[in-house]
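What follows is a short report on a single structure.
Ligands are counted one by one from 1 in listed order, and the atoms in each one are counted from 1 as well. The basis for the numbers below is simple: all heavy atoms, side chains too, and nothing from hydrogens, waters or symmetry mates.
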Amino acid sequence: MVKAWYMDNETTDQRLEHHRNPPEFITLEELYNKTGVEYFSLNVHTYTTDGVLDKIKKERGYSYEDEMVCSKECLANYEEKIKSFFTEHLHTDEEIRFILDGSGYFDVRDGSDQWIRIAVSAGDMIVIPSGIYHRFTLDTNNYIKAKRFFIGEPVWLPHNRPADDMECRQRYLEKLHKGFVAAH
Ligand code: KMT
Ligand code: NI
(Lines give C-alpha, C1' and ligand atoms only; values in the text may rest on other atoms or scores of the structure.)
(Ligands and ions follow the chains in the order given, each with its own letter.)
Protein backbone atom coordinates (compact mmCIF):
# COMPACT_ATOMS: atom_id res chain seq x y z
CA MET A 1 0.00 0.00 0.00
CA VAL A 2 1.35 3.38 -0.99
CA LYS A 3 2.33 5.98 1.64
CA ALA A 4 4.04 9.33 1.22
CA TRP A 5 5.82 11.62 3.68
CA TYR A 6 8.30 14.44 3.89
CA MET A 7 11.71 12.97 4.50
CA ASP A 8 14.64 14.53 6.27
CA ASN A 9 17.92 15.08 4.49
CA GLU A 10 19.75 12.31 6.29
CA THR A 11 20.61 9.56 3.85
CA THR A 12 23.50 7.66 5.43
CA ASP A 13 21.38 4.56 4.78
CA GLN A 14 19.08 5.37 1.86
CA ARG A 15 17.04 2.20 2.47
CA LEU A 16 15.56 3.46 5.78
CA GLU A 17 12.34 5.48 6.01
CA HIS A 18 13.81 8.84 7.10
CA HIS A 19 10.62 10.35 8.49
CA ARG A 20 10.80 13.87 9.82
CA ASN A 21 10.38 14.19 13.56
CA PRO A 22 7.41 14.35 14.08
CA PRO A 23 6.43 12.47 10.88
CA GLU A 24 4.63 14.48 8.17
CA PHE A 25 2.56 12.17 6.00
CA ILE A 26 0.78 13.51 2.93
CA THR A 27 -2.24 12.14 1.07
CA LEU A 28 -2.19 11.08 -2.58
CA GLU A 29 -4.23 14.17 -3.43
CA GLU A 30 -1.67 16.41 -1.74
CA LEU A 31 1.09 14.50 -3.50
CA TYR A 32 -0.56 15.18 -6.87
CA ASN A 33 -1.19 18.86 -6.13
CA LYS A 34 2.34 19.40 -4.88
CA THR A 35 4.23 17.40 -7.53
CA GLY A 36 1.97 16.14 -10.32
CA VAL A 37 2.80 12.53 -9.39
CA GLU A 38 -0.17 10.32 -10.24
CA TYR A 39 -1.18 7.10 -8.55
CA PHE A 40 -3.32 4.10 -9.50
CA SER A 41 -4.16 1.11 -7.35
CA LEU A 42 -4.22 -2.20 -9.24
CA ASN A 43 -4.93 -5.78 -8.24
CA VAL A 44 -1.79 -7.83 -8.87
CA HIS A 45 -3.83 -11.05 -8.98
CA THR A 46 -6.41 -9.92 -11.56
CA TYR A 47 -4.80 -7.07 -13.55
CA THR A 48 -4.26 -9.22 -16.66
CA THR A 49 -8.01 -9.75 -17.02
CA ASP A 50 -9.92 -7.15 -14.93
CA GLY A 51 -9.52 -4.38 -17.51
CA VAL A 52 -8.24 -1.68 -15.11
CA LEU A 53 -4.66 -1.62 -16.43
CA ASP A 54 -5.87 -2.04 -20.03
CA LYS A 55 -8.02 1.08 -19.67
CA ILE A 56 -5.10 3.12 -18.28
CA LYS A 57 -2.80 1.90 -21.08
CA LYS A 58 -5.36 2.73 -23.75
CA GLU A 59 -6.29 6.15 -22.39
CA ARG A 60 -2.68 7.20 -21.93
CA GLY A 61 -1.21 5.55 -25.01
CA TYR A 62 1.24 3.25 -23.23
CA SER A 63 2.41 1.21 -26.20
CA TYR A 64 5.56 -0.30 -24.68
CA GLU A 65 5.92 -2.41 -21.55
CA ASP A 66 8.48 -4.68 -19.95
CA GLU A 67 9.32 -6.10 -16.53
CA MET A 68 12.32 -5.47 -14.34
CA VAL A 69 13.61 -7.01 -11.15
CA CYS A 70 15.90 -5.11 -8.79
CA SER A 71 17.80 -7.29 -6.39
CA LYS A 72 21.41 -8.28 -5.78
CA GLU A 73 20.89 -11.54 -7.70
CA CYS A 74 18.95 -10.19 -10.66
CA LEU A 75 20.41 -6.81 -11.54
CA ALA A 76 23.57 -6.73 -13.63
CA ASN A 77 26.01 -4.11 -12.24
CA TYR A 78 23.87 -3.97 -9.08
CA GLU A 79 25.88 -1.42 -7.07
CA GLU A 80 26.30 0.88 -10.07
CA LYS A 81 22.58 0.72 -10.97
CA ILE A 82 21.45 1.36 -7.40
CA LYS A 83 23.79 4.32 -7.23
CA SER A 84 22.50 5.82 -10.49
CA PHE A 85 18.83 5.26 -9.51
CA PHE A 86 19.51 7.20 -6.29
CA THR A 87 21.33 10.07 -8.00
CA GLU A 88 18.89 12.98 -8.32
CA HIS A 89 17.77 13.22 -11.96
CA LEU A 90 14.93 13.91 -14.37
CA HIS A 91 13.68 12.42 -17.65
CA THR A 92 12.24 13.87 -20.86
CA ASP A 93 9.27 11.49 -20.46
CA GLU A 94 7.11 10.13 -17.66
CA GLU A 95 8.53 7.37 -15.46
CA ILE A 96 5.71 4.85 -15.14
CA ARG A 97 6.07 1.91 -12.80
CA PHE A 98 3.59 -0.75 -11.67
CA ILE A 99 4.91 -2.74 -8.71
CA LEU A 100 4.20 -6.46 -8.97
CA ASP A 101 6.17 -7.65 -5.94
CA GLY A 102 8.60 -6.37 -3.32
CA SER A 103 8.88 -2.71 -2.37
CA GLY A 104 10.96 0.44 -2.63
CA TYR A 105 10.97 4.23 -2.39
CA PHE A 106 10.56 6.90 -5.04
CA ASP A 107 11.71 10.30 -3.76
CA VAL A 108 10.40 13.40 -5.54
CA ARG A 109 11.06 17.10 -4.96
CA ASP A 110 8.15 19.39 -4.12
CA GLY A 111 7.92 23.02 -5.29
CA SER A 112 10.07 24.13 -2.33
CA ASP A 113 12.75 21.56 -3.17
CA GLN A 114 11.87 19.34 -0.21
CA TRP A 115 12.08 15.57 -0.63
CA ILE A 116 8.85 13.59 -0.46
CA ARG A 117 9.39 9.85 -0.03
CA ILE A 118 6.81 7.56 -1.66
CA ALA A 119 6.79 3.98 -0.39
CA VAL A 120 5.51 1.61 -3.06
CA SER A 121 4.68 -2.09 -2.95
CA ALA A 122 2.63 -4.69 -4.85
CA GLY A 123 -0.39 -3.16 -6.60
CA ASP A 124 0.92 0.41 -6.64
CA MET A 125 1.29 2.12 -9.99
CA ILE A 126 2.89 5.55 -10.08
CA VAL A 127 3.47 8.04 -12.85
CA ILE A 128 6.34 10.44 -12.23
CA PRO A 129 6.01 13.48 -14.52
CA SER A 130 8.67 14.37 -17.03
CA GLY A 131 10.93 17.17 -15.79
CA ILE A 132 10.56 16.53 -12.04
CA TYR A 133 13.71 15.85 -10.03
CA HIS A 134 13.48 12.43 -8.42
CA ARG A 135 15.39 9.29 -7.44
CA PHE A 136 14.70 5.67 -6.51
CA THR A 137 16.00 3.29 -3.89
CA LEU A 138 15.24 -0.19 -2.65
CA ASP A 139 14.21 -0.41 1.00
CA THR A 140 15.57 -2.94 3.51
CA ASN A 141 13.77 -5.78 1.69
CA ASN A 142 16.29 -5.28 -1.12
CA TYR A 143 13.86 -6.52 -3.73
CA ILE A 144 11.33 -5.06 -6.18
CA LYS A 145 9.68 -6.35 -9.33
CA ALA A 146 7.93 -3.82 -11.52
CA LYS A 147 6.41 -3.29 -14.93
CA ARG A 148 7.66 -0.27 -16.87
CA PHE A 149 5.49 1.48 -19.44
CA PHE A 150 6.27 3.99 -22.14
CA ILE A 151 4.58 5.92 -24.92
CA GLY A 152 6.46 4.88 -28.08
CA GLU A 153 10.12 3.87 -28.14
CA PRO A 154 11.46 3.89 -24.57
CA VAL A 155 14.04 6.47 -23.48
CA TRP A 156 15.30 5.60 -20.02
CA LEU A 157 18.17 8.11 -19.98
CA PRO A 158 18.47 10.03 -16.70
CA HIS A 159 19.64 13.67 -16.76
CA ASN A 160 21.31 14.36 -13.46
CA ARG A 161 20.65 17.57 -11.59
CA PRO A 162 21.30 20.33 -12.58
CA ALA A 163 19.22 20.04 -15.77
CA ASP A 164 17.29 23.27 -15.34
CA ASP A 165 17.68 24.46 -18.94
CA MET A 166 15.97 21.43 -20.42
CA GLU A 167 12.63 22.05 -22.11
CA CYS A 168 10.91 19.29 -20.11
CA ARG A 169 12.08 20.99 -16.91
CA GLN A 170 10.70 24.34 -18.03
CA ARG A 171 7.37 22.74 -18.98
CA TYR A 172 7.22 20.97 -15.62
CA LEU A 173 7.82 24.25 -13.76
CA GLU A 174 5.03 25.95 -15.74
CA LYS A 175 2.59 23.21 -14.71
CA LEU A 176 3.81 23.40 -11.12
CA HIS A 177 3.15 27.13 -10.98
CA LYS A 178 -0.22 27.00 -12.78
CA GLY A 179 -1.37 23.99 -10.77
CA PHE A 180 -1.60 20.43 -12.03
CA VAL A 181 -4.68 19.44 -13.99
CA ALA A 182 -5.46 15.76 -14.56
CA ALA A 183 -5.33 14.82 -18.24
CA HIS A 184 -8.50 12.73 -17.96
C1 KMT B 1 14.23 3.75 -12.19
O2 KMT B 1 14.24 4.15 -13.34
O3 KMT B 1 14.56 4.45 -11.22
C4 KMT B 1 13.81 2.40 -11.95
O5 KMT B 1 13.39 1.76 -12.86
C6 KMT B 1 13.95 1.89 -10.58
C7 KMT B 1 13.22 0.65 -10.32
S8 KMT B 1 11.52 0.73 -10.72
C9 KMT B 1 10.70 -0.05 -9.42
NI1 NI C 1 14.12 8.22 -13.01
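Note on ring orientation: taking the six-membered ring where Trp is involved, the planes of Y47 and F98 are perpendicular (angle over 60°, cut-offs 30° and 60°). Below 30°, between 30° and 60°, or above 60°: for W156 and F150 the angle between ring planes is above 60°, a perpendicular geometry. Ring planes of F136 and F106: tilted class, angle from 30 to 60°.
Distance from atom 1 (C) of ligand 1 to its nearest protein heavy atom, with residue and atom name: E95 OE2, 3.4 Å. Summary of contacts: the protein heavy atom closest to atom 6 (C) of ligand 1 is F136 CD2, 3.4 Å.
The cluster map of Ile, Leu, Val, Met, Phe, Trp and Tyr, joined by side-chain heavy atoms under 4.5 Å apart, puts V120 and M1 in the same cluster.
Close approach to A146 involves these atoms of ligand 1, each under 4.0 Å from a residue heavy atom: 9 (C).
Between the NE2 atom of H91 and the NE2 atom of H134, the angle taken at the Ni ion (ligand 2) works out to 100° after rounding to 10°.
Here the N, O or S atom of H89 that is nearest to the Ni ion (ligand 2) is NE2. The N, O or S atom of E95 with the smallest distance to the Ni ion (ligand 2) is OE1.
The proximity of M68 to ligand 1, defined as any non-hydrogen pair under 4.0 Å, is limited to the side chain.
Of the residues listed (Y105, W115, Y6, F25), the one engaging H19 in a ring-ring contact (aromatic ring centres under 6.0 Å, His included) is F25, and it is the only one.
Below 3.5 Å of separation, one finds an N or O of R97 facing an N or O of ligand 1.
Of the possible donor and acceptor atoms, none in the side chain of S121 sits under 3.5 Å from a partner among the backbone N and O of S103.
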